[in-house]
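Labels below follow one simple rule: chain letters A, B, ... track the order of the sequence lines, proteins then strands, and each chain is numbered from 1. Values in this document were obtained by computation on a predicted structure and should not be read as measured data.
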Number of protein chains: 2
Amino acid sequence: MAANILLVEDEPGIQELLKFNLTQAGHQVTATGDAEEALKFLKTTLPDVILLDWMLPGMSGIDLCRRLRNDERYQPIPIIMLTARGEERDKVLGLDTGADDYITKPFSPRELVSRIKAVLRRRAPQMTDELVEINGLRLDPISHRVQGRGQALELGPTEFRLLHFFMTHPERVYSRTQLLDQVWGDDVFVEERTVDVHIRRLRLALEPSAHAELIQTVRGSGYRFSADVG
Amino acid sequence: MAANILLVEDEPGIQELLKFNLTQAGHQVTATGDAEEALKFLKTTLPDVILLDWMLPGMSGIDLCRRLRNDERYQPIPIIMLTARGEERDKVLGLDTGADDYITKPFSPRELVSRIKAVLRRRAPQMTDELVEINGLRLDPISHRVQGRGQALELGPTEFRLLHFFMTHPERVYSRTQLLDQVWGDDVFVEERTVDVHIRRLRLALEPSAHAELIQTVRGSGYRFSADVG
DNA sequence: GAGCCGGTGTCATAAATCAGTCATACTGCT
DNA sequence: AGCAGTATGACTGATTTATGACACCGGCTC
């Protein structure tokens with residue numbers, strides 16, 4: 001996993017506790033004490049997940065959440081609300097603001113970690129280190145290996161990331177621009193056509209185990225990874 | 001194994017019993033009777049494992065555990081809770097404070113010893129003194145020897161630790177940074193590229209028995225120890 | 001204390017791989 | 001056929017690793 005997490009929690013004790021547990025779980029944590037501080041941090045860095053305390057001094061967590069959800073830059077970042085209240089009403093409210101999940105205090109660190117994992121899996125499956133296997137094509141992020149029906153396949157770094165993204169987002173067309181954003185990164189300036197070249201390299205790499213056809217061209221739209229031969 | 005163990009147990013009888021058994025098992029044991037004493041000891045020495053009684057006079061074991069878990073200095077030290085209660089609720093609580101394991105009284109010394117071993121293996125597999133053997137490559141931490149198919153191999157201290165780490169964490173890619181943390185130590189300031197050099201030295205040392213290829217380069221990611229030739 | 005030595009970290013350079021671009025060939029569709 | 005979108009092969013600069021050399025350090029010997 002190893003996600004970058006932004007924690008917004010005013011109570012020092014809890015902040016410390018959470019930071020410790022999350023770090024322990026292999027995450028990179030930045031802790032802030034209020035909404036302003038959090039926003040400041042967000043100006044320079046985009047975390048993978050935001051943990052947001054419900055009650056905060058100044059702008060409340062729920063306000064911050066709404067605000068983030070209205071900014072397209074932060075929109076894709078999963079938000080998990082931490083709340084001390086257990087009322088159903090509040091929970092619903094929390095979700096309506098655009099939070100991806102909420103968790104009621106007191107909670108076990110274990111639970112939190114697993115929720116983070118769940119949220120990441122939903123938003124950015126390629127970030128979880130889970131092994132993916134489709135139609136006999138297997139990609140293991142941990143050992144950084146790809147096998148096609150048992151046979152080892154060689155692919156370069158970019159092809160590996162590309163395949164990983166595809167395998168965690170199958171059956172769906174992605175434009176070249178989207179692929180550039182997702183696989184290369186938002187801040188890269190590269191020709192769109194470069195994607196074609198890497199698609200080709202990926203296909204070549206998958207050729208030995210006849211998995212090349214899983215990468216399908218959708219004329220006028222982009223590419224799709226699909227188990228369907230059609 | 002031969003670990004340094006800090007025992008925190010207020011009941012003299014049990015303390016003696018445990019100390020005897022653990023010493024018998026080859027460990028170095030320091031016994032303390034309460035949390036304060038334990039903390040004092042910890043200021044000067046970092047043990048490999050902490051055995052913590054649940055009920056203690058003054059600060060309870062669980063409080064001590066939480067406290068230790070919030071101090072990054074003690075963070076990596078495995079903690080095993082000793083508890084007289086068997087309730088599930090308590091167990092969960094104990095784990096949530098950051099304890100690595102718990103064991104319910106009464107327990108057999110044998111069980112305790114094996115749990116210690118397990119916890120050590122989990123936190124830092126290369127700390128257990130167990131002999132490791134992969135593909136005819138054998139590393140014995142006790143005699144500090146390495147053999148490739150019976151043939152003795154010469155490697156320096158750093159290469160030995162590096163190989164030990166790799167052999168206890170196979171089939172997994174590690175970045176240079178991770179290797180520096182794990183093999184050199186967190187507090188060392190060394191160039192990342194230095195890892196390359198030691199990888200090379202390790203490969204050279206494994207050459208005589210043709211085990212060099214177990215150390216694999218994963219371009220753009222780091223290195224991997226793998227029995228797979230692929 | 002001088003000199004030797006194994007062990008380490010750094011660096012410069014060579015070698016290996018890769019990424020991005022482009023020109024050109026190819027394809028499917030109208 | 002004509003057009004727009006893709007595939008392909010080749011090329012070049014850039015990045016990443018491998019390698020050999022070297023300087024430094026602490027311990028030891030004489």
Side-chain angles (χ1 to χ4, degrees), chain A residues 144-146 152-166 173-207 211-226 230, chain B residues 144-146 152-166 173-207 211-226 230:
Chain A
H144 209 274
R145 277 200 154 110
V146 181
L153 300 174
E154 297 292 328
L155 34 169
T158 304
E159 284 70 57
F160 186 90
R161 291 200 311 276
L162 185 57
L163 179 60
H164 193 189
F165 174 76
F166 271 135
V173 183
Y174 289 95
S175 70
R176 291 174 176 70
T177 306
Q178 289 175 312
L179 288 173
L180 282 176
D181 282 351
Q182 297 286 326
V183 178
W184 273 253
D186 324 278
D187 47 350
V188 194
F189 119 93
V190 185
E191 282 293 321
E192 273 204 358
R193 285 293 152 203
T194 298
V195 175
D196 298 33
V197 180
H198 281 279
I199 287 283
R200 172 158 182 280
R201 286 170 181 160
L202 178 54
R203 280 171 172 159
L204 246 51
L206 299 182
E207 200 55 62
H211 280 111
E213 54 199 36
L214 296 186
I215 312 286
Q216 301 166 355
T217 304
V218 181
R219 194 183 171 82
S221 301
Y223 299 93
R224 171 183 55 209
F225 183 92
S226 169
Chain B
H144 212 271
R145 281 209 174 98
V146 181
L153 299 174
E154 296 293 326
L155 37 168
T158 305
E159 283 70 57
F160 185 88
R161 291 201 311 277
L162 185 56
L163 180 60
H164 194 188
F165 175 75
F166 269 135
V173 182
Y174 289 95
S175 69
R176 290 172 177 69
T177 306
Q178 289 175 313
L179 289 173
L180 282 176
D181 283 351
Q182 297 285 329
V183 178
W184 274 255
D186 323 278
D187 48 350
V188 193
F189 120 92
V190 182
E191 283 294 321
E192 273 203 358
R193 285 293 151 203
T194 298
V195 175
D196 298 34
V197 180
H198 282 278
I199 288 283
R200 173 158 179 278
R201 288 169 180 161
L202 178 54
R203 279 172 173 159
L204 246 49
L206 299 181
E207 200 56 62
H211 281 111
E213 55 198 34
L214 296 186
I215 312 286
Q216 303 166 355
T217 303
V218 180
R219 180 175 241 263
S221 299
Y223 296 95
R224 169 182 59 208
F225 183 92
S226 169

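- Shown here are the salt bridge (Lys or Arg N to Asp or Glu O under 4.0 Å) partners of R193(A), two or more places apart in sequence or in another chain: D196(A).
- In this structure, D181(A) has no salt bridge (Lys or Arg N to Asp or Glu O under 4.0 Å) partners at least two apart in sequence or on a different chain.
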Item to check | Under 4.0 Å protein heavy-atom contacts per nucleotide of nucleotides 13-19 of chain D, with B for base, S for backbone only and - for none | outcome: --BBBSB
Please write out the pairs of protein N or O atoms and N or O atoms of nucleotides 5-8 of chain C separated by less than 3.5 Å, giving the distance to one decimal.
from: dT8(C); atom 1: OP1; to: T158(B); atom 2: N; distance (Å): 3.0
from: dT8(C); atom 1: OP1; to: T158(B); atom 2: OG1; distance (Å): 2.8
from: dT8(C); atom 1: O5'; to: T158(B); atom 2: OG1; distance (Å): 3.2

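- H144(A) meets the ring-ring contact (aromatic ring centres under 6.0 Å, His included) test with F160(A); sequence neighbours excluded.
- With sequence neighbours left out, the side-chain contact (heavy atoms from CB on, under 4.5 Å) criterion links V173(A) to V218(A), S221(A), R224(A).
- The side-chain contact (heavy atoms from CB on, under 4.5 Å) search around E192(B) returns R176(B), T177(B), L180(B), not counting sequence neighbours.
- Every residue two or more places apart in sequence or in another chain that forms a side-chain contact (heavy atoms from CB on, under 4.5 Å) with R200(B) is listed here: L204(B).
- Remark: R203(B) pairs with I199(B), A212(B), I215(B), T217(B), Y223(B) by the side-chain contact (heavy atoms from CB on, under 4.5 Å) rule, at least two apart or across chains.
- To the nearest 0.5 Å, atoms CG (L162(A)) and OG1 (T158(A)) are separated by 8.5 Å.
- Every residue two or more places apart in sequence or in another chain that forms a ring-ring contact (aromatic ring centres under 6.0 Å, His included) with H198(A) is listed here: W184(A).
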Item to check | Canonical and wobble pairing (Watson-Crick, G-U, under 3.5 Å) of DNA chain D, dot-bracket with | | outcome: ||||||||||||||||||||||||||||||
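- The distance from atom CG of L202(A) to atom P of dC18(C) is 13 Å, rounded to the nearest whole Å.
- Residues meeting the ring-ring contact (aromatic ring centres under 6.0 Å, His included) test with F225(B), sequence neighbours left out: none.
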